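Scroll down for the structure; my scribbles are underneath it.
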Amino acid sequence: MHVILPDGKQLELKDGATALDAAAAIGPRLAQDALGATVGGELIDLMTPLPDGANITLITKKNPGDAAPLFRHSLGHVMSQAVGEYYRAKGHAPESVKRGVGPAIENGWYQDFDLPEPLREEDLPEIERLMKDILGRNLDFTRREIGKAEALAQFAHDPYKAELIEGLPDDEPITFYTQGDYTDLCRGPHFPNTGKLPQAFKLMSTSGAYWRGNEKNPILQRVYGVAFATQKELDEYLHNLEEARRRDHRKLGKELELFTIDPLVGKGLPLWLPNGTVLREELTNFMKEQQFQRGYQGVVTPNIGNLDLYRTSGHYEKYADGQFRPIEVDDEEYMLKPMNCPHHVRIYASKPRSYRDLPVRLAEFGTVYRYEQSGELNGLTRVRGFTQDDAHLFVRPDQLKKEFLDVLDLTVLVLKTFGMNEVRFRVGTRDPESDKYVGDEENWALAERQIIEAVEEVGLPYTVEPGDAAFYGPKLDFVVKDVLGREWQLGTIQVDYNLPERFDISYVGEDGQDHRPIMIHRAPFGSIERFTGILIEHYAGDFPLWLAPRQVMIIPIADRHNEYAEQLREELHRAGLRAEVDDSSNRMQAKVRDAELHKIPVMLIVGDKEQEGREVSVRERTVDGTKERKGVKFDDLKAELLERKQSRS
């Protein structure tokens, strides 16, 4: 057999040769330094036989980051071995430690366990110590292929491994990996030796996880770890993690009194507090202004609908697992609204339409309800009831590109307004192998081509993700990076030929005949709840002036300045600015500290001098720290703040 190297040269090898054999054929130093390989771009380990004619690239210790999935997976096995040794040292039999799945994930790995006694967070440093001891033993990872019967016999004591083995095809070999005295069922790939694994790892936490994700199954203990090629990368990751905790929207939402989730109301159903409602309304007003300028018409639809509406649209069938159960009313079935689009289609169909009427742009801040499992709920970013900035455009074929580009322009404007400048544009297309999609293949191909042409016309870089389309049409998603480099999928635009067909809607063309409109679905925010949660973390609660629920705090130095402070508050309030006076008995520095803790962007301090000259001393929170100005004319400051509010700078 032969393999092809990156420079195009062919390397002759014996049948069944591995990547390690290929490295050794090139030179003993390369065999010593090799950590893994890629075959046709797919990561493999040094122990796996190579296919004849494969294009291979060897990964060495010069670029260990390229082998991150390998060393993270291998460290997962090392941790699993260490957990076994930990419980053996406590007097438990080896068979008492049972294991579920343990894959490599982004930045690390996890492993599920059924343990004789729970592993506590304070036990994790000892597991880490045992892992480093195993790394120091320089244990080789070995790969072995066996039959199903032998595999079942080896794991007769472990019902989880046995269940996984039973689910594998009878005629395919099953692979085991071993290091030292530890063996596990595994497809791989792995590092060649524990001594070559990086020591830049850390065990992070434990949690409960249903076996195979099914709430009817036992709950296992899941242990998470992270690992990087270098200590510097690990330190940066841990720093960002700490920063993420500081920015956590659930924590800040409570401290800034933005929202609460009350168990008596229900899980995943946020209650917006007065401060949060101000923030929500600012977002809504911003979007409504943009929609008004672009010719949208507002509509309002109910929070439930007849089940036949969602049967016709296809949502009931295609999203069955994500919906609440139907409600029986007077021999009919109704359902909490999972989507706004079927309702908007029926509004379009409420009267005859001419080609002159199109495009019809219907917009609604519509609340929808989706069933999410309790374990998946997360503050505002994963909820069961949320409001979408939803709009549906009904257009003629000749209008599609122009309208799509306008929606694209609006969405980019939204992201830039909030300082989300790192955006990845993702085109979700149909997977031809899947049966989840509805509609004509030609229309699908046309819609996908039209989205790509529009994105290319404005010069935006994009990726194509097969299988990521909605069941009724392809889409363009906007994936943004926040200040910590985390990616969030926010706005979306979808082109849909199928719902107009399913609902049999039309318009009368110039020829006097009925024609089918095309729908564009769009939601630049995605949902108000999720967008707000991301914004809280993006800004760390330090909102720009126009968004801040509490914009100005006026701080009188002494009680005799209270009247002047109240006069300024009234003037700011009449001008449309949210201003308050701290007339408490606290000292001035305590008042300043309280305003800073509540992340109020502007503090106006007033004393004798300021009162005499109708001035203020300004203390302002900025991206670069605190900025102070003294002796500022109040009227000039009011004009400045108004301009910043109105321009949403």
Side-chain angles (χ1 to χ4, degrees), residues 3-11 13 17-51 54-82 102-109 111 128-144 175 177-180 182 184 186-203 225-239:
V3 294
I4 303 168
L5 301 175
D7 61 4
K9 292 181 181 178
Q10 290 193 10
L11 187 66
L13 300 168
T18 65
L20 182 59
D21 295 326
I26 297 171
R29 179 63 182 271
L30 183 59
Q32 179 65 30
D33 291 347
L35 303 175
T38 61
V39 172
E42 182 179 349
L43 200 57
I44 66 164
D45 58 35
L46 298 178
M47 296 80 80
T48 302
L50 297 168
N55 288 278
I56 74 163
T57 300
L58 291 165
I59 299 170
T60 71
K61 63 182 183 181
K62 291 181 179 179
N63 51 347
D66 293 346
L70 264 69
F71 68 65
R72 286 168 179 154
H73 193 185
S74 297
L75 282 167
H77 276 231
V78 170
M79 182 192 75
S80 193
Q81 180 180 359
I105 56 176
E106 184 181 12
N107 300 320
W109 74 89
Q111 174 68 55
E128 286 182 9
R129 188 194 67 76
L130 288 169
M131 289 176 66
K132 290 183 178 178
D133 181 67
I134 293 168
L135 265 57
R137 298 176 203 169
N138 293 314
L139 305 175
D140 288 331
F141 281 89
T142 58
R143 179 180 183 274
R144 184 164 62 104
T175 55
Y177 278 82
T178 299
Q179 79 269 9
Y182 175 76
D184 203 355
C186 183
R187 290 192 179 95
H190 283 285
F191 249 43
N193 181 282
T194 63
K196 294 184 177 183
L197 289 166
Q199 299 219 7
F201 66 84
K202 184 174 179 59
L203 300 185
V226 295
F228 295 87
T230 65
Q231 187 64 38
K232 180 183 177 183
E233 291 174 280
L234 175 62
D235 291 343
E236 288 176 353
Y237 174 81
L238 295 175
H239 169 77

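Computed from a prediction, not measured in an experiment: that's the story for all the values here. Note: hydrogens, waters and symmetry copies are ignored here, and every other heavy atom, side chains too, is used.
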Checklist entry - Residues two or more places apart in sequence or in another chain: which of them pass salt bridge (charged side-chain N to carboxylate O under 4.0 Å, His left out) with Asp21? => result none

Next on the checklist: If I take atom CZ from residue Phe191 and atom CE from residue Met47, how far apart are they, to the nearest 0.5 angstrom?
Outcome noted: 10.5 Å

Next on the checklist: Among residues at least two apart in sequence or on other chains, which ones pass ring pair (Phe, Tyr, Trp, His ring centres under 6.0 Å) with Phe141?
Outcome noted: His190

Item to check | Under the salt bridge (charged side-chain N to carboxylate O under 4.0 Å, His left out) test, residues paired with Arg137 that sit two or more places apart | outcome: Glu85, Asp133

Checklist outcome for this item: Scanning both residues in full, the closest heavy-atom pair of Gly195 with Asn138 reads CA-OD1, 3.1 Å

Checklist entry - In chain order, what residues pass the side-chain contact (heavy atoms from CB on, under 4.5 Å) check against Ala227, with sequence neighbours excluded? => result Phe71, Arg72, Leu75, Trp109, Phe201

Next on the checklist: Under a 3.5 Å distance rule, please check whether Glu128 uses its side chain to pair with a backbone N or O of Leu203 as donor and acceptor.
Outcome noted: yes

Next on the checklist: Suppose we screen for side-chain contact (heavy atoms from CB on, under 4.5 Å). Which residues come up paired with Gln10, at least two apart in sequence or across chains?
Outcome noted: His2, Ile4, Glu12

Item to check | Rounded distance [0.5 Å steps], OH in Tyr182 versus CD1 in Ile134 | outcome: 10.0 Å

Item to check | Under the side-chain contact (heavy atoms from CB on, under 4.5 Å) test, residues paired with Glu236 that sit two or more places apart | outcome: Lys232

Listing, residues 22-42 side-chain donor-acceptor contacts under 3.5 Å, not counting sequence neighbours, or none:
{"residue": "Arg29", "atom": "NE", "partner": "Asp33", "partner atom": "OD2", "Å": "3.3"}
{"residue": "Asp33", "atom": "OD1", "partner": "Lys61", "partner atom": "NZ", "Å": "3.4"}

Checklist entry - So how far is it from Leu50 CG to Thr48 OG1, rounded to the nearest 0.5 Å? => result 8.0 Å

Item to check | Contacts of type side-chain contact (heavy atoms from CB on, under 4.5 Å), residue Arg129, not counting sequence neighbours | outcome: Glu126

Checklist entry - Are the side chains of Thr18 and Arg143 in touch, meaning some heavy atoms are under 4.5 Å apart? => result no

Item to check | Thr230: side chain to side chain donor-acceptor pair (under 3.5 Å) partners, not counting sequence neighbours | outcome: Glu233

Checklist outcome for this item: Sequence neighbours excluded, the answer for side chain to side chain donor-acceptor pair (under 3.5 Å) partners of Thr175 is none

Checklist entry - Looking at residues at least two apart in the chain, or sitting in another chain, which of them share a side chain to side chain donor-acceptor pair (under 3.5 Å) with Gln231? => result Asp235

Item to check | His73 and Cys186, any side-chain heavy atoms less than 4.5 Å apart | outcome: yes

Checklist entry - From Met131 CE over to Ser80 OG, what is the distance, rounded to the nearest 0.5 angstrom? => result 10.0 Å

Checklist entry - Closest heavy-atom contact between Thr57 and Pro6? => result OG1-CG, 3.6 Å

Checklist outcome for this item: What one should report as the nearest heavy-atom pair of Leu135 and Val78 is CD1-CG1, 3.7 Å

Checklist outcome for this item: Rounded to the nearest 0.5 angstrom, the CG-OG1 distance for Asn193 and Thr142 is 11.0 Å

Checklist outcome for this item: Nearest heavy-atom approach of Gln179 to His77 is NE2-O, 3.3 Å

Item to check | Derivation of the side chain to side chain contact (heavy atoms under 4.5 Å, CB included) call for Leu43 and Ile59 | outcome: CA-CA 9 Å; Leu43 200 57; Ile59 299 170; 3.3 Å; yes

Checklist entry - If you round to the nearest 0.5 Å, how far is CG of Leu58 from CG of Leu5? => result 7.5 Å

Checklist outcome for this item: With sequence neighbours left out, the residues meeting side chain to side chain donor-acceptor pair (under 3.5 Å) with Gln111 are none

